[in-house]
Amino acid sequence: MSWIDQFIKSYTQAVSDSDEEGWYPFDPYLFYPYFADLFLEKLIRAQKKAEERNISVKELAKTFAGPITLRGEIQFLFLDVKGSNYFQTREGGSLLDFFHNILKAKCTSDIYGFKSARIHTAPEIKRIAKSTPWQKPNLKQAQEVGKLISACSHLSWALYTDYCYLQWYEIFGPYELSQNRTLLIRQYSNFRPKEVWPHFKKFPYQSVNIYTIYKNVSIELDQWSHLKSKDNLIVAMENIAIKVNSRLVNDFKTINKIRKTIERSAQNLQNRFQKMDFEALKKKVVELRYYMYKDFFSKVGMSWRPEKEVWEKIKNKKLLPRKYPRFKNTDHAKKYWSQFIDPRRK
Amino acid sequence: MKKILKGLGVSTGQTQGKVKIIMESKRHPSFQEGDILVTRITDPTMVTLMAKAGAIICDIGGMTSHPSIVSREMGIPCVVATKKATKVLKDGMIVKVDGSKGVIYVLD
């Protein structure tokens, strides 16, 4: 099976569990094609610069927060290539292989995200499990941690939409520890994206990292970082450690205060987002997509900002009039999405 | 106890509470801790309500939609894809939510 087939297999699992009606602020599949040619052109230029400057795939992998970011973008790149002038071209194929290589360099296993997002080696996990200053939460404290995770996730979604957040909200794991325990590391790395939301320049928290160990649970992460479990993660939460702005916070009064600040900001920003007119919304989505590649473009000496031609491509355009079928069952959905995303098929 | 609605159970657990239909992202001062949040689909404007909710019920959604993921992280029951929760359930109804089976019961 080619890597594209394997990637698509994992993708169809993720997308069939989702509900495209709920994607916000709007369905990217109905919008990204408008600027696909220009976006791919920029990435191909970046690829050439990386090759000219002998920048290794490993170094490029460091510019992406984790495997979920790369997987999330590769599915969009499949669609971009499919619907653009780069369909079935050498450059289009080479670009996809290029990002595939970066993804491989990022993961320690399960590259295509069937059930996990792992970037740490076994010795690294052993060190984290041993050296992290763990706390044992009682039920109320575990609930507070759950609410903090919700608040941070919500702010990520509000800042970066439902599909441009992955660079700034990665989950690593699940890592199996001894005695039937499971480690997850949640990393929210940029709550001050001043380049795209200037009024967030002075937000009190730049980053939040949440380490959780669960006992006797079964957890999977799909290709898009969606956590699946049939267990109650609050009841099963055995150990936690929380870092805010890289500093450990273990007082729950403070954690509660941080959580409420983040919640309020998420709510306010999302309200602001929802009041934007459609032209402003489209521009913001484009900006956020390019912003995800900020560190990658900087590494090869390019600006991340969209070129002015991109704005002309999306101006006054409505979303594409695609209608998804009503799926009879999961197999039907998977077959549809497999054909939909396959970059080798028009 | 009467079964009133069925959907996709996406976050385990059972709880009961008072229904609050939320159709817009506004301030809802009457939403109390433990109330059952009922809406078409949640969005980030509802983050504060979700943190107070005892359970979440939605008209649409899948296993990995927004309410499903958030409910699992917070350990509260959630049922999505009910198709008509916002029509069938009424503000103030006392219901029991089974997030494993995806069933909602109205309590007398």
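Sequence lines set the chain letters: A, B, ... in the order given, protein chains first and strands last, and positions in each chain run from 1. Treat the numbers as computed from the prediction; the structure is a model and nothing was measured.
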More than 12 foreign heavy atoms under 6.0 Å from NZ of B/K18: is that the case here? no
Chain A: which of B/E73, B/M50, B/M74 shares the most heavy-atom pairs with it under 4.5 Å? B/E73
Where on A/A14 is there a heavy atom nearer than 4.5 Å to chain B: the side chain, the backbone, both, or neither? backbone
Bottom line for A/R259: the part with an atom under 4.5 Å from chain B's heavy atoms is side chain
Contacts of type side chain to side chain contact (heavy atoms under 4.5 Å, CB included), residue A/N232, not counting sequence neighbours: A/I234, A/V235, B/T12
CH2 of A/W23 to CD1 of B/I41: how many Å apart, nearest 0.5 Å? 12.5 Å
Check the surroundings of atom NZ in A/K115: do more than 12 heavy atoms from other residues, nucleotides or ligands lie under 6.0 Å from it? no
Sort by residue number and list every residue of residues 217-230 of chain A having at least one heavy atom under 4.5 Å from chain B. A/D222, A/H226, A/L227, A/K228, A/S229, A/K230
Residue among B/S100, B/A51, B/G62, B/S11 with most heavy-atom pairs under 4.5 Å to chain A: B/A51
Can you say whether B/V70 sits under 4.5 Å from chain A via the side chain, the backbone, both, or neither, judging by heavy atoms? side chain
Tell me whether the count of non-hydrogen atoms from other residues, nucleotides or ligands lying under 6.0 Å of NZ in A/K243 goes above 12. no
Calculate, to the nearest 0.5 Å, the distance between atoms NE2 and OG belonging to B/H66 and A/S153 respectively. 8.0 Å
Check the surroundings of atom NZ in A/K215: do more than 12 heavy atoms from other residues, nucleotides or ligands lie under 6.0 Å from it? yes
Going by side chain to side chain contact (heavy atoms under 4.5 Å, CB included), B/P44 matches just one of A/E263, A/Q270, A/Q267. Which one? A/Q270
From A/D162 CG over to B/D43 CG, what is the distance, rounded to the nearest 0.5 angstrom? 10.5 Å
Considering all heavy atoms of both residues, which atom of A/A151 and which atom of B/V47 are nearest to each other, and what is their separation? CA-CG2, 4.3 Å
Region of A/R272 in contact with chain B, defined by heavy-atom distances below 4.5 Å: neither
